[in-house]
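Structure record follows, encoded as structure tokens.
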Amino acid sequence: MKPTDTKNPEYFHKVVDCQYACPAHTPVPEYIRLISAGKYTEAYMINWESNVFPGVLGRTCDRPCEPACRRGRIEEEPVAICRLKRVAADNKDDVRAFMPGVPSEMNGKRIALIGGGPASLTVARDLAPLGYEIHLYDEHAAGGGMMRSQIPSFRLPDDVLNEEVGYILDMGIHTHFNTYVSSMNEILEKGYDAVFVGTGAPRGRDLVLPGREEAGKNVHVGIEWLASVAFEHTHKIGKKVIVLGGGNTAMDCCRTSRRLGGEEVKVVVRSPFAEMKASPWEIEDAMHEDIPILENHVPKTYVIENGKLVGMTFEKVKAVYDEHGKRTLVPSGEPEVFIEADDVLVAVGQQNSFPWIEKDTGVDFDQWGMPLVDALTHQSTNQRVFFGGDAAFGPKNVITAVAHGHQAAISIDLHCSGEALTARPAPFTNLVSKKMGIHEWSYDNDVVNDQRFIVPQAEKKAALSDRKLEVELGFDIQTAIKEAHRCLNCDVQTVFEKDKCIECDACVDICPTACITFTLNGEEDDLRTRLKAPALNITQDLYVSDTLPTQRVMVKDEDVCLHCGLCAERCPTSAWDMQQYLYKVTKAG
Amino acid sequence: MTYIRPKFRHPDLPKNDLGYTTREYEGSLSTLCAGCGHDSISGSILQACFELSIPPHRIAKLSGIGCSSKTPNYFLGNSHGFNSVHGRMPSVATGANMANRDLIYMGVSGDGDTASIGMGQFVHVIRRNLNMVYIVMNNGCYGLTKGQDSATADAGSKSKAGSVNPFQPIDLAGLALELGASFVAQSFSGDKEQLVPLIKAAVSHPGFAFINVISPCVTFNNNPGSTKSYDYVREHIEATGKTDLVPEKSEILASYESGTGTEVMLHDGTFIKLEKLAANRDPFNRMDAMNALRNARNRNEILTGLLYIETETEDLHHTINSTDRPLNTLDEADLCPGSAVLAEINEDLR
Ligand SMILES: Cc1cc2nc3c(=O)[nH]c(=O)nc-3n(C[C@H](O)[C@H](O)[C@H](O)COP(=O)(O)OP(=O)(O)OC[C@H]3O[C@@H](n4cnc5c(N)ncnc54)[C@H](O)[C@@H]3O)c2cc1C
Ligand SMILES: Cc1ncc(C[n+]2csc(CCOP(=O)(O)OP(=O)(O)O)c2C)c(N)n1
Ligand code: SF4
Ligand code: SF4
Ligand code: SF4
Ligand SMILES: [Mg+2]
């Protein structure tokens with residue numbers, strides 16, 4: 001293999017598994033260390049710069065970082081990265097002084113943001129401090145998009161959302177609430193320098209089966225129903241409720257039903273339980289609230305008696321897999337199942353829809369009705385129009401919407417300055433030694449053995465009787481610090497300087513997880529088999545040095561390195577050093 | 001501050017025939033200087049015992065005094081151990097072996113511990129062909145007492161303080177050959193690929209197995225002008241990393257290709273594979289080994305690998321016809337066979 005080019009900013013970035021997996025590339029280990037040091041405000045601001053909604057995300061994020069966490073490859077569970085973010089948000093001081101100011105002189109450019117969700121708000125957050133005049137349109141009375149209309153208050157209290165939406169709107173954003181934009185042409189005619197479409201994926205799918213018409217108002221489309229609960233139009237539901245669907249929307253629907261009078265709430269899914277789309281923790285929380293989940297039930301009919309919905313029938317199926325692992329659901333032959341219900345909530349999918357974008361706007365759509373959008377620049381076929389969030393590539397989550405917002409803001413800024421959108425500025429990086437003495441590092445390098453700590457929850461009876469009572473209570477500070485210590489500091493990189501190495505093997509012998517091998521060079525596939533422990537995880541890189549005096553090379557498998565620094569402590573010549581790598585995604589401006 | 005090794009290990013560590021990983025053969029965290037050659041030898045001993053699938057409780061580690069003699073703390077933490085007095089490891093090993101011949105005896109010593117204060121013990125344990133592995137971690141100095149020249153320091157070798165050693169060195173491998181040792185090898189701490197198989201062969205050898213391992217003292221004897229530094233040793237032996245199992249590493253100039261391979265069967269049926277033997281070398285011929293060693297020395301080269309092996313060898317228990325069983329398994333009936341047997345013996349003496 002060729003010697004690893006550690007000057008490439010992506011090499012060490014990739015070693016920081018959590019940060020790399022985060023769509024917004026939040027410097028996770030850095031804020032976790034700040035939490036252990038009691039520096040909640042600083043930890044909050046590091047988050048805020050990257051992901052804009054630390055308080056919201058610390059409660060609701062889809063957490064792509066956690067499955068990526070190196071700790072999960074070393075023991076059972078990853079670090080509770082998401083819930084530590086909340087600790088920073090809950091314990092910070094007043095952060096308003098640290099928010100970027102808006103220049104007294106504007107730059108003369110005007111931007112329209114359609115939709116007030118996290119994608120648009122992120123664009124606003126990045127462009128307002130640069131002097132852009134921002135106009136934000138949303139059909140609802142307040143900003144936040146689906147964070148407000150969909151995510152229930154027992155998972156995300158209003159005041160947390162209001163605070164973080166407020167930080168952005170306070171940057172002099174011109175809000176046009178209660179304004180549904182019904183024509184893109186009208187917006188374009190207003191002469192904005194750029195238009196950002198962050199309208200989300202606002203349409204829920206209905207499930208049309210025999211009896212649907214007669215069932216009428218007792219069958220609800222999940223996301224519409226959740227929005228009407230959030231905006232206080234709906235206060236009640238029947239005692240017996242069926243929720244159709246196995247995603248996160250279904251989990252929010254069933255748990256909300258339990259709080260609005262649903263006593264026998266059942267989630268019914270077509271697929272096997274193990275293949276449900278909802279996040280494991282959301283499923284767990286629903287089951288904790290006495291909501292059974294029935295698998296392998298395919299809905300057949302709405303059953304109507306005396307003109308009123310009384311339940312549904314289901315066909316039982318089983319999953320059969322062909323040799324490619326492709327699944328088909330085949331009838332199991334068991335008798336049809338009838339389940340009683342006063343109300344049915346349909347949570348079987350969410351779609352984009354752009355009825356308000358006319359054919360002649362220059363914004364082209366594909367055969368599925370999705371806009372043609374560049375994956376990097378977020379520009380549409382109309383150079384002035386940009387898309388981000390769920391509107392761009394279909395429904396995802398808040399953190400992805402934020403990441404899109406940052407990228408779109410860069411593009412809009414380049415567009416308004418007349419520069420090529422592909423000439424994107426490089427990320428900010430910095431690599432600094434943490435060495436203080438032979439056995440001393442300016443980071444906490446001892447690896448604790450603790451298992452993941454559990455976040456306490458509100459008492460169930462109280463939670464079920466109040467739709468707005470937050471269920472998760474968050475870590476107390478002592479537990480938070482213990483959980484923070486589980487972080488392996490993956491941003492503190494093992495940096496190897498070949499010319500200093502005397503090939504004494506000290507690092508090889510001390511490394512607890514057998515990461516380091518000195519051997520003859522070879523092709524990657526071959527090298528991976530010849531290491532002290534086989535490097536089976538091909539998603540993790542091998543760090544390879546140039547040829548040493550004995551003709552061998554140093555090969556380090558990054559996979560399960562504990563970043564404990566023992567290699568550097570045992571190296572007599574400091575050929576190894578532990579250096580903190582800070583990587584910040586470029587922002588507009 | 002780290003003086004604790006994290007408990008986590010690589011999840012895909014290879015397992016040996018006992019189902020153990022190297023973890024079961026680890027000791028406590030080394031307190032030697034960072035980069036000390038001795039730590040590397042510890043790593044090789046650990047690796048060899050792991051690869052041989054020896055149950056750790058079947059090994060007894062013995063040592064004298066010195067940095068080298070401290071190392072048994074840092075490997076095989078689940079084995080027996082005895083850290084004896086300076087230079088007295090061989091007599092403790094002899095006693096232990098006489099009492100329990102079922103254990104594997106792993107003796108670790110230094111050049112000071114062996115070639116100075118322990119010289120008398122060393123020569124006698126060779127002479128008796130005690131069944132043990134005797135490893136000298138040879139750094140040419142007294143590391144533990146801050147680097148004074150030892151009796152293996154080469155004449156002309158320069159110490160860290162700048163003084164030049166005026167005395168001729170004792171060549172421990174040559175001495176072992178001369179005294180009739182049945183297994184003699186030489187290696188370098190920085191060459192695990194050679195050392196691990198040598199240790200495995202030494203453990204399998206049914207008599208006294210001596211390995212002289214050059215092991216740089218990074219703190220007191222790794223300076224320019226020292227003939228036991230990493231750089232000097234690397235320049236005066238063949239480059240590491242090309243051979244399988246037990247290789248014979250010959251003079252730096254001789255190419256492996258010129259030689260042939262051969263296999264040696266040991267008493268327990270295992271083979272030692274000697275590959276790429278240098279031309280003109282015969283590892284079964286003591287005179288040849290002594291000559292090769294001397295010739296290499298004359299050229300300022302360090303001959304490493306298996307220098308000599310005598311496969312048909314009889315250890316001390318054989319020679320003195322001692323009991324087949326460990327003493328702790330002998331019961332009263334074995335030890336006090338009764339007056340009838342005594343009468344018989346007395347009768348013989350009349
Ligand atoms: C029930 C449910 C629960 C969810 N839970 C989570 C969660 O826990 N964690 C997570 O990360 N994600 C969650 N999501 C997904 C997440 O809410 C979205 O991915 C995210 O909000 C998308 O952000 P966005 O900025 O693209 O648009 P949105 O948040 O969808 O905001 C778009 C806004 O634009 C408005 N709008 C649309 N069209 C127009 C128009 N023509 N004129 C004016 N206004 C318009 C909409 O009303 C809306 O307010 C959940 C989604 C649902 C449905
Ligand atoms: C009877 C006795 N005499 C002297 C000493 C002092 N002493 C301790 S270690 C040592 C020399 C050790 O040298 P070596 O065996 O080469 O070990 P190294 O530290 O170099 O590995 C000496 C002389 C002692 N401990 N006991
Ligand atoms: S920091 Fe060094 S010693 Fe620690 S696990 Fe990583 S490579 Fe091994
Ligand atoms: S400890 Fe340092 S000098 Fe020794 S082999 Fe490792 S990197 Fe090289
Ligand atoms: S003094 Fe020398 S022999 Fe002793 S531990 Fe340090 S480097 Fe090793
Ligand atoms: Mg010594």
Side-chain angles (χ1 to χ4, degrees), chain A residues 70-71 73-75 436-441 444-449 488 501-515 517-521 531-537 548-553 557 559-576, chain B residues 1-15 21-23 26-27 29-47 50 71 74-75 188-193 195 215-219 222 229-235 237-243:
Chain A
R70 173 166 281 115
R71 184 107 193 171
R73 299 199 292 277
I74 284 156
E75 51 132 322
M436 308 256 290
I438 295 179
H439 289 276
E440 254 172 312
W441 303 96
D444 203 352
N445 65 323
D446 65 335
V447 176
V448 301
N449 298 327
L488 297 169
C501 175
I502 58 170
E503 300 182 67
C504 68
D505 270 4
C507 51
V508 178
D509 292 329
I510 197 70
C511 176
T513 43
C515 302
T517 308
F518 286 78
T519 186
L520 292 178
N521 207 342
L531 305 182
K532 219 177 157 197
L536 305 175
N537 182 356
L548 290 153
T550 61
Q551 300 309 308
R552 300 179 301 174
V553 288
D557 179 10
D559 188 19
V560 290
C561 170
L562 304 170
H563 298 262
C564 64
L566 283 181
C567 49
E569 283 186 20
R570 295 302 294 174
C571 179
T573 62
S574 299
W576 285 108
Chain B
M1 293 257 232
T2 322
Y3 294 107
I4 307 164
R5 205 170 179 225
K7 78 161 200 182
F8 298 114
R9 293 292 174 272
H10 196 293
D12 301 315
L13 277 186
K15 291 203 166 106
T21 65
T22 45
R23 172 184 219 138
E26 288 174 7
L29 191 66
S30 172
T31 60
L32 301 187
C33 306
C36 177
H38 298 353
D39 276 333
S40 225
I41 304 174
S42 299
S44 293
I45 296 175
L46 183 162
Q47 184 67 23
F50 160 78
T71 59
Y74 316 135
F75 58 82
F188 171 45
S189 64
D191 187 358
K192 283 207 176 81
E193 284 190 43
L195 182 52
S215 174
C217 169
V218 275
T219 303
N222 195 35
S229 69
Y230 280 104
D231 285 350
Y232 182 92
V233 177
R234 283 222 166 85
E235 274 165 30
I237 57 169
E238 178 86 304
T240 55
K242 289 194 180 153
T243 42

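These numbers come from the heavy atoms of this one structure, side chains and all, not from hydrogens, waters or symmetry mates.
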Quiz prompt | Partner of A:L562 under side-chain contact (heavy atoms from CB on, under 4.5 Å), chosen from A:N445, A:T513, A:D446 | solution = A:T513
Quiz prompt | Side chain / backbone / both / neither for B:Y230 at chain A, heavy atoms under 4.5 Å | solution = side chain
Quiz prompt | chain B contact via A:D557 - which portion, at a heavy-atom distance below 4.5 Å | solution = side chain
Quiz item: Which bit of B:C36 is near chain A, if near means a heavy-atom gap under 4.5 Å: side chain, backbone, both or neither?
Solution: neither
Self-check item: chain B interface, residue from A:V448, A:I510, A:V447 that has the most non-hydrogen pairs under 4.5 Å
Solution: A:I510
Exercise. Let me know if A:I74 has heavy atoms under 4.5 Å from chain B in its side chain, its backbone, both or neither.
Key: both
Quiz item: Among B:R23, B:Q47, B:K7, who wins on heavy-atom pairs under 4.5 Å with chain A?
Solution: B:K7
Quiz item: Can you check whether A:T550's main-chain N or O pairs, donor with acceptor, with A:E503's side chain at less than 3.5 Å?
Solution: yes
Self-check item: SB check A:R570 B:D39 (cutoff 4.0 Å)
Solution: yes
Quiz item: Within the distance-only criterion (no hydrogens, no angle test), does the side chain of B:S189 pair as donor or acceptor with the backbone N or O of B:I41 below 3.5 angstrom?
Solution: no
Practice problem: Identify which part of B:N222 has an atom lying under 4.5 Å from any heavy atom of chain A, answering side chain, backbone, both or neither. | Solution: side chain
Quiz item: Are the side chain of B:R5 and the backbone N or O of A:L566 linked by a donor-acceptor pair below 3.5 Å?
Solution: no
Quiz item: So what's closer than 4.5 Å to chain A heavy atoms on B:T219: side chain, backbone, both or neither?
Solution: neither
Practice problem: Select one option (side chain, backbone, both, neither) describing which atoms of A:C515 are under 4.5 Å from chain B's heavy atoms. | Solution: neither
Self-check item: For the student: nearest non-hydrogen atoms of A:G565 and A:W441, plus distance
Solution: O-CZ2, 4.0 Å
Self-check item: Non-hydrogen atoms of B:A34 and B:V218 that approach each other most closely
Solution: O-CG2, 3.3 Å
